[in-house]
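Following: one structure in structure tokens, then a few remarks.
Predicted, not measured: the structure shown is a model, and the values here were computed from it. Here is how names work: the chains are called A, B, and so on, in the same order as the sequence lines, proteins then strands, and each is numbered from 1.
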Protein chains: 2
Amino acid sequence: MTTVLIVDDQPLQRYGFHILLDSVDETDVVGEAAHGAEAVRKTAELRPDVVLMDVRMPGMDGIEATRRIVAAGGRSRVLVLTTFDLDEYVHAALRAGASGFLLKDVRPEELLAGIRAVASGDAVIAPALTRRLLEEYARYVPAHRADRAEDPGLGSLTDREREILVAVGKGWTNGEIAARFVLSESTVKTHVGRVLAKIGARDRVQAVIFAYDHGLARPTTD
Amino acid sequence: MTTVLIVDDQPLQRYGFHILLDSVDETDVVGEAAHGAEAVRKTAELRPDVVLMDVRMPGMDGIEATRRIVAAGGRSRVLVLTTFDLDEYVHAALRAGASGFLLKDVRPEELLAGIRAVASGDAVIAPALTRRLLEEYARYVPAHRADRAEDPGLGSLTDREREILVAVGKGWTNGEIAARFVLSESTVKTHVGRVLAKIGARDRVQAVIFAYDHGLARPTTD
DNA sequence: CGGCGCGTAGTACCCCGGTACCACTGCGGC
DNA sequence: GCCGCAGTGGTACCGGGGTACTACGCGCCG
């Protein structure tokens, strides 16, 4: 039995989902919420398996609510449902940690399949959105695993050198790296020099590019 | 009516898909191929709406075949089917330009829904894989559109400055940029300096990071 | 017309980064 | 015990990068 919390500011919309989910015996609607704040509170309280989350709501929207629910660390998973397939919504929702994104015109059986998938730890994306998502994915996500092994360089880096490379990838100067790692600047220079030689980079700029292309550097963090 | 080409090195597997797709009237199997090379040839010849592509095959595998079919630029879309949900396969297939990725244990109706989606220009991913895909997506894909506007800096860059930033993001030195843009190195320095000031970067290293985080820099494409 | 933004270009200066080369410690393996 | 490697550290040198400031032509707008 999958427990579900329905979040939508439209009572009628909630009613529709409620009826649908009640009509099958694999889901159990344990609560409803009309806006983001209530969704966060009730999720903490009711601990549903799945939160059916609307995006557009007065007050705290579904994206922010999703972010908070995910950050709270419970086992509840969020399935975002919206009428609009705006890229910004999809993007924001997924970055907020949603486990799925479906359009409200979804057929009932697909919604149920989606809830089932999300409840079991999988994720779902409406096919109409998946296409654009994949295009971005292919554009942005770098070479990755398969290539890492084949790649001359990364594998030959020592642990310390990899740490240094990550630090370089954060945009730190040799002095800053030395300070944070409690090393002398000379040592940092030695490490950086070896890293450059191993990965075939001319200078730290190309090292940063290498780090990004190989998934060593993470956006935003620091 | 959706025309389909079935690609799999196992005759029995092809047979199973053939029977399934023949049993419904919305799909029409127009051909079969036993390996990658044959798949590429028959796709060019038969121009199917959808190519059901197996990954593991002797000779040219499904990934490479997908790459070539997509590169050929026809309207055929590739739906990759495999028994193994290895990340490398998914990743490679999507980068190769596949419109979908499903596991062979998919239920018949889901396969048909997938074919339908792919034929209509959408994309599908097996829920079990979508989860991992999304995690990577959230990790790698940068701030993006919504944030770009709000972001102080990028919007205020002139066209020329943005070009320069992209060049810096490729790892080029000022001299190289000057050569490729047919400018004096002084001019490049002026531009770079202004870019740094506008985006709030200390040096070109941080500029590269900014470029990557904001989607200005593309992996690999030098 | 005068001003402003943009692109272009230059000079002068300083410092960080990269290279070359060397040296010591600690640890694991032959 | 000795060798090799990883990690640490140092000196010396120089070139590219970044800053500051100046300057000019061009197109656009009030």
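With sequence neighbours excluded, no residue forms a side-chain hydrogen bond (donor to acceptor under 3.5 Å, both in side chains) with T190(A). Looking at residues two or more places apart in sequence or on another chain, you find no salt bridge (charged side-chain N to carboxylate O under 4.0 Å, His left out) involving E45(A). Residues passing the salt bridge (charged side-chain N to carboxylate O under 4.0 Å, His left out) test with E110(B) are R107(B), sequence neighbours excluded. For T187(A), the side-chain hydrogen bond (donor to acceptor under 3.5 Å, both in side chains) criterion is met by S184(A), not counting sequence neighbours. Shown here are the salt bridge (charged side-chain N to carboxylate O under 4.0 Å, His left out) partners of D9(A), two or more places apart in sequence or in another chain: there are none.
Side-chain atoms of T130(A) and V124(B), non-hydrogen and from C-beta on, never get closer than 4.5 Å to each other. Taking the side chain as every heavy atom from C-beta outward, I125(B) and L133(A) never approach each other to under 4.5 Å. Within the 4.5 Å cutoff, no side-chain heavy atoms of V205(B) are placed close to those of W172(A).
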Please list, pair by pair, any protein nitrogen or oxygen found under 3.5 Å from a nitrogen or oxygen in nucleotides 27-30 of chain C.
none

Each nucleotide N or O in nucleotides 25-30 of chain D that has a protein N or O under 3.5 Å away: list the pair and distance.
none

Table of protein N/O atoms under 3.5 Å from nucleotides 16-22 of chain D N/O atoms:
residue: dG17(D); atom: N7; partner: K189(B); partner atom: NZ; Å: 3.2
residue: dG18(D); atom: OP1; partner: R204(B); partner atom: N; Å: 2.5
residue: dG18(D); atom: OP2; partner: R204(B); partner atom: NH1; Å: 2.8
residue: dG18(D); atom: N7; partner: K189(B); partner atom: NZ; Å: 3.0
residue: dG18(D); atom: O6; partner: K189(B); partner atom: NZ; Å: 2.8

List, with names and distances, any nitrogen or oxygen atoms from the protein found under 3.5 Å away from nitrogen or oxygen atoms belonging to nucleotides 4-7 of chain D.
residue: dG7(D); atom: OP1; partner: R160(A); partner atom: N; Å: 3.2
residue: dG7(D); atom: OP2; partner: T158(A); partner atom: OG1; Å: 2.3

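An OP1 or OP2 oxygen of dG10(C) is reached within less than 4.0 angstrom by a side-chain nitrogen or oxygen of S184(B).
Heavy atoms of other residues, nucleotides or ligands lying less than 6.0 angstrom from CZ of R41(A) number more than 12.
Residue pairs satisfying the salt bridge (Lys or Arg N to Asp or Glu O under 4.0 Å) criterion with at least one member in residues 72-82 of chain A, sequence neighbours excluded, are listed as follows: D49(A)-R75(A). Sorted by first and then second residue, the pairs that involve residues 201-211 of chain B and meet salt bridge (Lys or Arg N to Asp or Glu O under 4.0 Å), not counting sequence neighbours, are E176(A)-R202(B).
One end of the helix from dC1(C)-dG30(D) to dC30(C)-dG1(D) points its axis 30° away from the other end's axis, with each axis taken from 5 pairs and the angle rounded to 10°.
Taking atom CD1 on I164(A) and atom P on dG17(C), their separation rounds to 13 Å, with Å as the unit. In this entry the distance linking CD1 of I177(A) with C1' of dG9(D) reads 16 Å, nearest Å.
When T66(A), T43(A), L46(A) are each tested for a side-chain contact (heavy atoms from CB on, under 4.5 Å) with V51(A), only one passes: T43(A).
Looking at K189(A) and E185(A), no side-chain N of the basic residue comes within less than 4.0 Å of a carboxylate O on the acidic one, giving no salt bridge. With respect to R14(B) and D54(B), no salt bridge is recorded, no charged nitrogen being found less than 4.0 Å from a carboxylate O.
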Candidate pair I177(B) and L183(B), rule side-chain contact (heavy atoms from CB on, under 4.5 Å), full reasoning: CA-CA 8 Å; I177(B) 298 174; L183(B) 291 176; 5.8 Å; no

